[in-house]
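Note that these values count all heavy atoms, side chains included, but never hydrogens, waters or copies made by symmetry. Atoms within each ligand, like the ligands themselves, are counted from 1 in listed order. Every value quoted in this text rests on a predicted model; they were computed, and no experiment measured them. In this chain, residues are counted from 1 in sequence order.
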Amino acid sequence: MNATTTESDLRVTPEAPVPPSPDSVLEHGRYFTSLPREYYLDEERFKSEVDRVWCEQWVYAGHVSQIPRPGDYFILNMQDESLIITRSSATEINAFHNVCRHRGLRLCQESKGHFGPRIVCPYHTWSYGRDGTLHKATRMTDGEFFDYADWGLAKAHVSVWQGFIFVSMAEKAPAPVSSMIDAKTNADMEMIEPLRMKVAVEKIYEADANWKLLLENGVECYHCPSVHPEFCVSLDASAMADYYAEDYLPNLVQGLIIPVKGELESLSMDGRYLSKKLLGKFGEGTPIPYAFGTGFMTQPGYAWGGFHPDYGMVASTLPVSAGRSIMICQWFVHEDAVEGVDYDVEEMIKIWDITNHQDLAIQERQQLGVSGRRYVPGPNSPSQEPGIHSALRKYLEMMGEPY
Ligand code: FES
Ligand SMILES: [Fe+2]
């Protein structure tokens, strides 16, 4: 106590934080909240989240257009895991753990590339087929000490839906992504023909914030009018909020809508198209449904994709530590769209780039606030933030904690 503190000062000190109800950290009688502060700070919890959530769920990895030819690959790094996403043949996509089965070398260091007929480890030159089977262990004959058949590259599960590649490191694969997507999203996606898209540009953002803050922010549009004035020029923010209130599901992957204001063409700074070459059937004259915007999301580990008649964007968050996350964003255009003719990269990314920076700046400020010892989570809006309730219940369920 310092010399000037009096007993009456002590009496007006705010009361200690309200303890959570014994049933769940989210439920508080008439209202629900987000999670207690230590859930966003604790490194031990973070490690357990990587095991129980991130390695179990479907994680968005990329798009088939990134690996058009057999042998093409790209790398997905997630925390201390690394996966090689590769096209093993015309019809087979695999996700191999990026680890040699001999003495554990990380096989690929480049973020993308092309394998010849063999995947060769540079340490002792063990070589694997494109399908991951061990082809040759140098100077150790098959069957002499061990059987090659037992020592192929370890695989993660892969689910490809509409050309989007999802991976899971779970022992048992979750249900296929296609089984989790509703009929309307499938029909809307078919209109833009995702198999005929390409990644025009990719950008990586970093944030000093826990991944769950990015998730919570992503499943509500309560903040859209105050944080995203540019975004709200073309987004129908109230229809977006209604989606989270009415159609949001607690599935690992789900379809969604991202409605633009009816009189506008696309989600952009001025509501006009960002690529002249429209996607899929729209480029062939099929009428565009009112306020068209379709997409998908994963949870609790959060990825989010939104597509309009001319372009799309997928933002995939990945965990780094309790206080740090990254977000990888890909912008999609028609496979025949020509940069500088049909679209300009800087113009195309502008609306989402501004919006992403706004969101991540908010999450960093929120991480600072949540870190304060006095923070207890406040009541969330049942009409504006129900997505948070569903997403965090899913999180607690996967963590094996009461929800
Ligand atoms: S670690 Fe790969 S061949 Fe030895
Ligand atoms: Fe936002």
>> Ring centroids only, cut at 6.0 angstrom: are W151 and W126 within range, meaning strictly under it?
In response: no
>> Just checking Y343 against Y311, ring centres under 6.0 Å apart?
In response: no
> Which residue pairs satisfy the disulfide bond (SG atoms under 2.5 Å apart) criterion with at least one member in residues 211-319, sequence neighbours excluded?
Replying inline: C221-C224
> So how many protein N, O or S atoms does the Fe ion (ligand 2) have within less than 2.8 Å?
Replying inline: 4
[X]/[Y] ion pair, N-O < 4.0 Å:
| X | Y | value |
| --- | --- | --- |
| E92 | R87 | no |
| R196 | E335 | yes |
| E27 | R393 | yes |
| K212 | E49 | yes |
| D353 | K350 | no |

> Which protein N, O or S atoms does atom 4 (Fe) of ligand 1 have within a distance shorter than 2.8 Å?
Replying inline: H102 ND1, H124 ND1
>> Applying ring-ring contact (aromatic ring centres under 6.0 Å, His included), can you list everything that pairs with F296, at least two apart in sequence or on another chain?
In response: Y60, W161, F164, F166
